[in-house]
Amino acid sequence: MIHPPLSGLAFRRIFWPTALLSVVAILWALWTNYTSTVSPLSEFTRTVGVERYTIWMAGLLVGGPMLIGRTASFAHKLVNSETDWCASRAASRLRIIASAWSGAVLAATAWASLIALAAELGSSATERTPLQPAAPAHLSPLTSDQEGVVIFDVQAPTDDDVTTLRIPVGLIATGGPSATLKTQFTRSQTGELIEEELLIATRRPLEAQLPPGAGALRLELERVGDGAHVLISGERAEWWKPASSALMTSLMLWLIVCMISAAMLAAALGLGTWMRPTAAGSLLIAASIALWFSDGALGGWGDVMEQIANGDGLAAPSLRDQGGALITTLIGVSFACASMRRRIGA
C-alpha cells in the first residue's frame with residue numbers, strides 16, 4: 001500500500017525544515033529561561049510545568065505552521081510540477097496520496113518526539129507530583145463580618161486519593177499586579193486545619209491542600225495587605241488527585257499532538273492538491289487557531305496547554321476526539337485522491 005521512496009521523500013522535505021526552525025525556537029526558549037533573573041514571580045515561572053509548557057509552545061507555534069505549509073507544498077508539487085513522475089508510476093492515486101500522508105505523519109511524529117525530549121531534558125526545576133482532575137467540588141458561600149474575608153462550606157470528596165482543592169480566580173490589577181491570600185482549610189468536626197499564604201499573580205487557580213481526617217470542610221480566604229483585587233468563583237471548583245507518573249504528561253501530550261497532526265496533515269494534502277500552498281496553509285492555520293479556543297473534537301488546545309503549565313497530568317484522548325481525527329483524515333485523503341484523479345487522470 002505504501003510506496004517507500006515517495007514516503008521517504010515526503011519525510012525529508014517536511015521534517016528537516018520543520019525540525020530546524022523548532023530547534024532554534026526551543027534553544028531560544030531554553031536560553032531565555034536560563035538567563036532570566038530571580039523575581040517575586042519565580043515561584044510561578046521556575047516550575048517543571050511552566051518550563052515544559054514554554055518548550056512545547058515554542059515548538060508548536062514555530063514548527064506547527066511550517067509542518068502544515070510544507071505538507072501543502074508537497075501535495076501541490078505532486079499534482080503540478082511532478083505530474084509526469086506520478087503518472088509514470090504503476091502505483092494508484094490512493095497509494096501515492098497514502099505514501100505522501102504516511103511520510104508527513106512520520107515527520108510529524110519525529111517532530112513531536114523532538115519537542116517532547118527537549119521538554120523533559122530542559123526542565124531544570126524540582127519535579128512535583130502532577131495532578132489530574134478527580135471530581136467537581138461543591139462550595140456553599142457563607143456570610144462574613146470581616147472585610148476582605150470569604151468563607152465557604154465545602155462538601156468532602158468521596159475519592160480517598162484527593163489531595164487538593166482548586167478554585168479559579170481572576171485579578172483586577174488596581175493596586176498592583178499580584179495579591180496575597182491567606183487560606184485556612186479546616187475540618188469542622190475534628191478541627192484539623194492547613195493554613196497557607198499564597199501569592200496570586202497569574203491565571204493559575206488557587207490551591208488549598210486537603211486537611212487530614214474525615215468530615216465536613218470549611219475554607220476561609222483572607223486578603224493580606226495591598227495589591228490586586230481577587231475575584232473568586234466557587235462554582236467551577238474541582239478536586240484534584242496525584243497522577244500516576246510525571247512522564248505520562250509528556251507521553252499523553254505527544255500522543256495528542258500526533259493524533260491532531262495526522263488529521264491536519266491529511267487536510268493539508270487535500271487542500272494542497274486543489275489550491276496554492278500559501279492559501280491552503282493559511283486556511284489550516286486559521287482553523288488551528290479556532291481549534292485552540294473551541295471545545296469540540298480536536299479542540300480545546302488552550303485548556304490542554306494551561307494544564308501543562310500548571311504541572312498537571314493529561315487524560316488520554318476521548319473516543320469523540322479520536323473519531324473526529326479519523327473523519328478529518330479520511331476526508332483529507334479522499335479529497336486529495338479526487339483532486340489527483342482530475343489533474344493527472346485515472
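Because only heavy atoms are used, hydrogens play no part in the values below, and waters and symmetry mates are left out as well, while side chains stay in.
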(request) Dump the intermediate steps for side chain to side chain contact (heavy atoms under 4.5 Å, CB included) on Ser140 and Phe152, then the final yes or no. (result) CA-CA 5 Å; Ser140 302; Phe152 294 98; over 6 Å; no
(message) Can you tell whether the side chains of Lys182 and Glu220 come within less than 4.0 Å, N to carboxylate O?
(response) no
(request) For the pair Arg70 (side chain) and Arg13 (backbone), establish whether a donor and an acceptor sit closer than 3.5 Å, ignoring hydrogens and angles. (result) yes
(request) Would you kindly confirm whether Ile68 and Val62 end up in one hydrophobic cluster when ILVMFWY residues are joined by side chain heavy atoms under 4.5 Å apart? (result) no
(message) Treating Ser73 as the side-chain partner and Gly69 as the backbone partner, does any N or O pair qualify as donor plus acceptor under 3.5 Å?
(response) no
(request) Kindly say whether Gly270 contributes a backbone atom to a donor-acceptor pair with the side chain of Thr273 at under 3.5 angstrom? (result) yes
(request) Without swapping roles, check the side chain of His76 against the backbone of Met275 for a donor-acceptor pair under 3.5 Å. (result) yes
(message) Between Arg52 and Ala116 (side chain of the first, backbone of the second, donor and acceptor by atom type, cut-off under 3.5 Å), is there such a pair?
(response) no
(message) Checking the side chain of Trp274 only, and the main-chain atoms of Leu269 only, is there a donor and an acceptor separated by less than 3.5 Å?
(response) no
(request) Answer yes or no: is there a donor N or O on one side and an acceptor on the other, between the side chain of Ser102 and the main chain of Ser99, under 3.5 Å? (result) yes
(message) Counting only heavy atoms from other residues, nucleotides and ligands, does the tally under 6.0 Å from CG of Asp159 exceed 12?
(response) yes
(message) Using modelled atom types and a 3.5 Å cut-off, is there a donor and acceptor pairing between side-chain atoms of Arg187 and backbone atoms of Leu217?
(response) no
